[in-house]
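Here is the structure we will look at, set down as structure tokens.
Residue numbers begin at 1 in each chain, while the letters A, B, ... track the order of the sequences. Basis for what follows: all heavy atoms, side chains included, without hydrogens, waters or symmetry-related copies.
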There are 2 protein chains.
Amino acid sequence: MNYSQLKLDNQICHRLYMASNSVVRAYRDALNQLDLTYPQYVVMMALWEENKMSIAGLLNKTKIDGGAMTQILKKMTDKQLLSVVIDKEDKRKRLVKLESHGLKLQQQAVDIPDQIRCRFQSINTQEADQLMHLLDKLNLAFENP
Amino acid sequence: MNYSQLKLDNQICHRLYMASNSVVRAYRDALNQLDLTYPQYVVMMALWEENKMSIAGLLNKTKIDGGAMTQILKKMTDKQLLSVVIDKEDKRKRLVKLESHGLKLQQQAVDIPDQIRCRFQSINTQEADQLMHLLDKLNLAFENP
DNA sequence: TGCAAATACTTTGCATGCAAATTAAAATAT
DNA sequence: ATATTTTAATTTGCATGCAAAGTATTTGCA
């Protein structure tokens, strides 16, 4: 029996797992200064792009887990970053809106992408595009199980 | 001020985050049948490759967090998959060794890589190699902060 | 109209990932 | 030889990711 496919070194999955953890870890210092975790930062980015989204919209945009989202939004509400209100048109839905503190934070966050990008210098622009393209393909393939 | 770099769609990081989560999620069904979580499966793969490793060796090979590893090994010990013994030569170290149940499990796991690979059909072999290569570059770059 | 099914979230329980503090043992320095 | 430092793991506290169960509304259909 050939077990070579069970070797960690042969697996894309393990590389993805390590890379994702590494990159999120790399954000930590910058995000600590904004008192944000990585998923909270992802939520902020989604809202900076489009303020006042439904939770379903946020879930779809960020791909964060629904159960986790509830907790994340609770913490962000406590930090006065945003507020969550019931949609009057459909009381099952909730609308998430940035508060002034959350809006202002964008100015402090604007440098973060550059701080991270410099950590990507080992790959050039073309490779980065290639990587994004391949990850898009993967994400699309794994989107609907 | 140009905030376009803060858009989720422009970020490799978020793609990695989504892809890693998706792929780990894709393993779930197969791993449930072996009563393993993904990190536990990673530990098993490391040990199937080289039985009797130190915990430090396992940490280095798997890149799993040290604090988490203690808990993971505890659960795997409870499941009789492996045993952890103090290294007599250096009592700070621990040696991890597969038990018979853990050894036998490899035969059941041998199909898993193929089950996952079929989910990767959206990318061809060449693209998969490219992706592995790019992820290796990233992992190398983020290894030593 | 009335009720079952679908939606949109929330809650709960478990398993990490991670930083920081702690413990134990070995290596080094003075 | 003893004190200091380093190394190897464990522990602790917090924040998710995820599945499964539960709640509140709204839809849809008989």
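- Put simply, the side chain of B:Q106 never gets that close to the backbone of B:L103: no donor and acceptor are under 3.5 Å apart.
- The cluster map of Ile, Leu, Val, Met, Phe, Trp and Tyr, joined by side-chain heavy atoms under 4.5 Å apart, puts B:Y41 and A:Y3 in the same cluster.
- Side-chain heavy atoms closer than 4.5 Å link hydrophobic residues (I, L, V, M, F, W, Y) into clusters, and following such links, possibly through other members, connects A:V84 to A:M69.
- Under a hydrophobic-cluster definition in which Ile, Leu, Val, Met, Phe, Trp and Tyr are linked whenever side-chain heavy atoms come within less than 4.5 Å, directly or via other members, A:L81 and A:L95 are assigned to different clusters.
- With both pairing distances under 3.5 Å, C:dT23 is matched to D:dA8 as a Watson-Crick or G-U wobble pair.
- Remark: B:K61 does not engage B:E50 in a salt bridge, criterion side-chain N to carboxylate O under 4.0 Å.
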Listed pairs, N/O of protein and of nucleotides 9-11 of chain C, under 3.5 Å:
| from | atom 1 | to | atom 2 | distance (Å) |
| --- | --- | --- | --- | --- |
| C:dC9 | OP1 | A:R94 | N | 2.9 |
| C:dC9 | OP2 | A:A56 | N | 2.8 |
| C:dC9 | O3' | A:R94 | NH1 | 3.3 |
| C:dT10 | OP2 | A:T70 | OG1 | 2.7 |
| C:dT11 | OP2 | A:K74 | NZ | 3.1 |

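- A salt bridge links A:K137 with B:E127: the distance from a Lys NZ or Arg NE/NH1/NH2 to an Asp or Glu carboxylate oxygen falls below 4.0 Å.
- Residues B:R117 and B:D114 are paired through a salt bridge, judged by an N-O separation under 4.0 Å between the basic side chain and the carboxylate.
- Along DNA chain D, read 5' to 3', the first and last nucleotides having any atom under 4.0 Å from a heavy atom of chain B are D:dT7 to D:dA19.
- A:N60 places no side-chain N or O within 3.5 Å of a backbone atom of A:A56 that could act as its donor or acceptor partner.
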